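The chain is numbered in sequence order, starting from 1. Indexing begins at 1, ligand by ligand and atom by atom, following the structure's order. Just so we're clear, the structure is a prediction, and the values are computed from it rather than from any experiment.
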Amino acid sequence: MSMTHLKEAMIDEMKDLYSAEQQLAEVLPQMAQKATDPTLKAGFEKHATETQTQIGRLEQAFGLLGETPAAITCEAMKGILKEGKHLMSEDTSPEVKDALLIAAAQKVEHYEITTYGTICTWAKTVGSDDVKELLGQSLNEEELTNQKLSEIAEKGINLKAV
Ligand SMILES: [Fe+2]
């Protein structure tokens, strides 16, 4: 695919993220099920709902740009989730499993934060303030989720897992 303008590159990144969010939407309910700590479990359930909203926002953003929503398989998310699944299958105590779930989830959040960040910056550059505004809401949610995961880990789970 030839990309001569930043807007095309932006749409490409959106397709990557659309795939990433869809992959994550499938896995988050399983992560919630595997979590033992009730706060962590509730956190995953909340983020599963948020992820559905974020998929909707991406569809809306494609529409604002006159594009049909489409996904390009996000190999990075595929890899992070595959690695997470592998770790989850290890024989560990529930506390260590929770710590591993948080570690995997934070890798996911960081990937999403950096991709939403790039798209929002590019959207502003190409004059798509509406897209920046819309996907900026998702960026905020990802940042809050990441902070919340750090808090849950540092306030209890990590110590219980020692
Ligand atoms: Fe997300």
Between the Fe ion (ligand 1) and E109, is there an N, O or S atom separated by less than 2.8 Å?
no
Got more than 12 heavy atoms from elsewhere within 6.0 Å of CD, E26?
no
I'd like to know if E45 pairs up with K41 as an ion pair, taking the criterion as any Lys NZ or Arg NE/NH1/NH2 lying under 4.0 Å from an Asp or Glu carboxylate oxygen.
no
Can you tell me if S89 uses its side chain to pair, donor with acceptor, with the backbone of H86 under 3.5 Å?
yes
Check for a donor-acceptor pair, side chain of D98 on one end and backbone N or O of T36 on the other, with a separation under 3.5 Å.
yes
So the angle subtended at the Fe ion (ligand 1) by E142 atom OE2 and Q54 atom OE1, rounded to 10 degrees, is 90°
So, is T145 placed with an N/O/S atom under 2.8 Å from the Fe ion (ligand 1), counting both backbone and side chain?
no
Backbone or side-chain N/O/S of E141 under 2.8 Å of the Fe ion (ligand 1):
no
